[in-house]
Amino acid sequence: MSKIEKIRNIGIIAHIDAGKTTVTERVLYYTGRSHKMGEVHDGEAVMDWMQDEQERGITITSAVTTCQWKDNEIHIIDTPGHVDFTIEVERSLRVLDGAVGVFCAVGGVEPQSETVWRQADKYLVPKIAFINKLDRIGADFFGAIDMMKKRLNANPLALQLPAGSEENFEGIIDLITMKLFVWDDESLGETFSTGPIPDTYIDDAEMYRDKLIEMLAENDDEIMEAYLAEKEIDNERIIAAIRKATINLEAVPILCGSALKNKGMQPLLDAIVQFLPSPIDIPPMKGINPDTEAPIECKASDTAPLAALIFKVSMIEGRKLSFVRIYSGKIKSGGDVYNPSRGVKEKLARILSMHANKRERIDSAGAGSIVGVVGLKESSTGETLCSVDHPVLLENIDFYEPVISVAVEPKTHSDQERLEQVLEKFTAEDPTLQVKEDEDTGQMILSGMGELHLEVIISRMQREFKTNVNVGKPQVVYRETIEKASTGRAVFDKEIAGQRHYGEVNLIMKPLDRGAGNKFSVDMKDEAIPDVYIPAIQKGVMESLESGTLMGYPVVDVEAILSGGAFKESLGTELAYTVSASVACKDGLANGKSFLLDPIMKVEIFVPEAFMGDVIGDLNSRGGKIESVEHKTGLQVIQAVVPLSNMFGYSTSLRSSTQGRGTFSMQFSHFDHL
């Protein structure tokens, strides 16, 4: 078996608080990667190494680590569960071969686990599921599986059953070997015993094993024949069929346990190795030749030409560390690589094997590896690294538009100098964070994905970089558009540096449907302006649409039609037409009655039934529109859309109106006028 077949690149994905980080901590402990189990509630988890993560008890950045299990090398990315850090999950899933979805046996499929599951579906990532917290009151193993079918359209394959539940949860019944696993509490779950299934559980176990084989028979002819002939099917055959169904995205194996009580971890590690794909089990990564745009397949082999993707950039101790997934080929410490997006050659100063925020130097890394790289000066998130003689461009990672802003200003003169450098580092790390200077006030405006996102950035500024800032109130990032069709006209006639520039542009501005974006078209009766100047006019219009006439927000859903203008021989220049197009566009927007579009958020609220009336009343007062109400054990789930500007302070209001029992998650949906 080649080394590459023994690699597993996996991510642990789930809703906030389902127990992802606790599962990862146990995995590291049992694989011998860490010698002490860190607990999230004590703020000691290895993977949550950032101070903000330890205090809040949540994961903010994806941490990468490598561990060994039964001669296999497992690279794990522990991803955030909070919706404000969606981009961290998206970037990680983009480079993973498999994922472990962790679900809470009490909460089942929660909103954010649904979001990350859909992201994993988008990148065709094979998944296994671990139903955690079976020792908690209200744990319902089969309820969680039902929710997976309904909410995730998954095809769950139960490979284990819990023996007992809540405080009587004693161990796990394995339906493949038909054995009961019981963990020893004294050894922190390191040792466990296997024995026959007790009589109380044997009927259920036989029934569910039958169901498992029946489901496998649907996708596997050999098992189908043996099943119909009522022959015994050996365990090796069953494992191979489960692996095939998982990798082909036909099924999701379900395991169970309690990470906090150290039960069920070793079988989970076995399942990762047995059922999730190695880099050669999945289709080769596809890219294009940047010069000819011909498609290229990047085969997972050390001898193939290099193709690697930078999926994350971190600033650690002031140095730029790039996280790289190698799809094909090999990289060597001190070697050269080529970045086709920027057309630059870069040198790899060091290659590091990662363990959260600890690092180990290695000389080289081959296909299938996820490593840290130091020395890349210009390359950034989402860009490709390849060799000069075999250029390849892998598909870029999509990023999201920020929806909320705060003004930040330095407290002292020394903070002023540091602030710009710090913000530059943060934007290199996080593409969903944007910084711009407000032309009217001269303030720095920081925009991000949500209140928590910006709070964490500001807290890191003060802690990691000792930069103190005053922070304004959060501001909503609106968009502008026009109400009616209008016209705009402008003439530019000036002498600059001894040369006269002349251009005249007439535009018609038309409103478009929501979400249509901006368009530019030409509809001139006679050729009043030579074609050579059309690109300059388009550039002027598009630049002008970046800030509207009402409050300077970007303009959306508008079509600018070039309807005419004038041209003077030997005086027409690109500069003149760019400027006159920009002014004509502003004129047209002013005449078209501009108005603001609010960012509308999709909100999911979990409320105990007794408080439904108050919560719905509060949503209505915030201009919310309720789309559905779904009943779930003891809870109602409200789906609504609400303008972001009315959602500030909502968490406090929800807590007070539900005695602290209501929870909600919110993500950007679209821009609209209410």
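- Using a 4.5 Å heavy-atom cutoff, the side chains of Val102 and Ile12 are in contact.
- Contact record, Ile282 with Pro279: CG1-O, 3.5 Å, taken as the closest heavy-atom pair.
- For the ring-ring contact (aromatic ring centres under 6.0 Å, His included) test, no residue two or more places apart in sequence or in another chain qualifies with Tyr338.
- Contact record, Gly287 with Leu394: CA-CD2, 4.2 Å, taken as the closest heavy-atom pair.
- At least one side-chain heavy atom of Leu385 sits less than 4.5 Å from a side-chain heavy atom of Val324.
- A pairwise comparison of heavy atoms in Val100 and Phe130 identifies CG1-CB, 4.3 Å as the closest pair.
- Residues in residues 262-276 take part in these salt bridge (Lys or Arg N to Asp or Glu O under 4.0 Å) pairs, two or more places apart or across chains: Lys70-Asp270.
- Residues satisfying the side chain to side chain donor-acceptor pair (under 3.5 Å) criterion with Gln274, sequence neighbours excluded, are absent altogether.
- Side-chain atoms of Glu293 and Asp291, non-hydrogen and from C-beta on, never get closer than 4.5 Å to each other.
- The shortest distance between side-chain heavy atoms of Glu383 and Arg342 falls below 4.5 Å.
- Checked against side chain to side chain donor-acceptor pair (under 3.5 Å), Arg361 has no partners two or more places apart in sequence or in another chain.
- Evaluation of the salt bridge (charged side-chain N to carboxylate O under 4.0 Å, His left out) rule for Lys345 yields no partner, not counting sequence neighbours.
- Note: Leu309 CG to Phe323 CZ = 13.5 Å, rounded to the nearest 0.5 Å.
- Annotation: side chain of Trp69 is in contact with side chain of Gln266 (closest heavy-atom distance under 4.5 Å).
- Contact detail for Pro253 and Thr246: the closest heavy-atom pair is CG-OG1, 3.3 Å.
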Could you pull out every donor-acceptor pair under 3.5 Å between side chains of residues 362-379 and any protein atom, sequence neighbours left out?
unit_1, atom_1, unit_2, atom_2, d
Ser369, OG, Gly366, O, 2.9
Ser379, OG, Asn339, ND2, 2.9
Ser379, OG, Glu346, OE2, 2.9

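- The existence of a salt bridge linking Glu297 and Lys299 is confirmed by a sub-4.0 Å separation between a basic side-chain nitrogen and an acidic carboxylate oxygen.
- The CG atom of Leu446 sits 8.5 Å away from atom CG of Leu419, with the distance rounded to the nearest 0.5 Å.
- Annotation: side chain of Ile128 is in contact with side chain of Leu255 (closest heavy-atom distance under 4.5 Å).
- The side chain to side chain donor-acceptor pair (under 3.5 Å) test applied to Asp281 returns Arg243, Ser278, not counting sequence neighbours.
- One distance of note links CD1 of Ile7 with CD1 of Ile280; it measures 9.5 Å at 0.5 Å rounding.
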side-chain contact (heavy atoms from CB on, under 4.5 Å) between Ile288 and Ile296: does it pass, once the steps are laid out? CA-CA 5 Å; Ile288 58 164; Ile296 296 174; 6.0 Å; no
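- If you take NE2 on His75 and CG on Asn9, they are separated by 5.5 Å, rounding to the nearest 0.5 Å.
- Among pairs with a residue in residues 322-335, those fulfilling side-chain hydrogen bond (donor to acceptor under 3.5 Å, both in side chains) read Asp97-Arg325, at least two apart in sequence or across chains.
- Applying the side-chain contact (heavy atoms from CB on, under 4.5 Å) test to Asp336 and every residue at least two apart in sequence or in another chain returns Lys347.
- In this structure Lys411 satisfies the side-chain contact (heavy atoms from CB on, under 4.5 Å) test together with Asp415, Asn468, Asn470, sequence neighbours excluded.
- Nearest heavy atom pair, residue Cys386 against residue Val392, reads SG-N, 3.5 Å.
- In this structure, the side chains of Ile272 and Ile74 come closer than 4.5 Å at one or more pairs of heavy atoms.
- Residues Tyr478 and Pro599 are in side-chain contact: their nearest non-hydrogen atoms beyond the backbone lie under 4.5 Å apart.
- Among residues two or more places apart in sequence or in another chain, the side chain to side chain donor-acceptor pair (under 3.5 Å) test is passed with Lys127 by Asp121.
- Scanning both residues, Ala300 and Ile4, for their nearest heavy atoms gives O-CD1, 3.4 Å.
- For the atom pair CG (Leu393) and CG (Asn289), the distance works out to 9.0 Å, reported to the nearest 0.5 Å.
- Note that NZ of Lys6 and CD of Gln68 are 10.0 Å apart. Values are rounded to the nearest 0.5 Å.
- For Ala129, the side-chain contact (heavy atoms from CB on, under 4.5 Å) partners at least two apart in sequence or on another chain are Phe103, Met148, Val252, Ile254.
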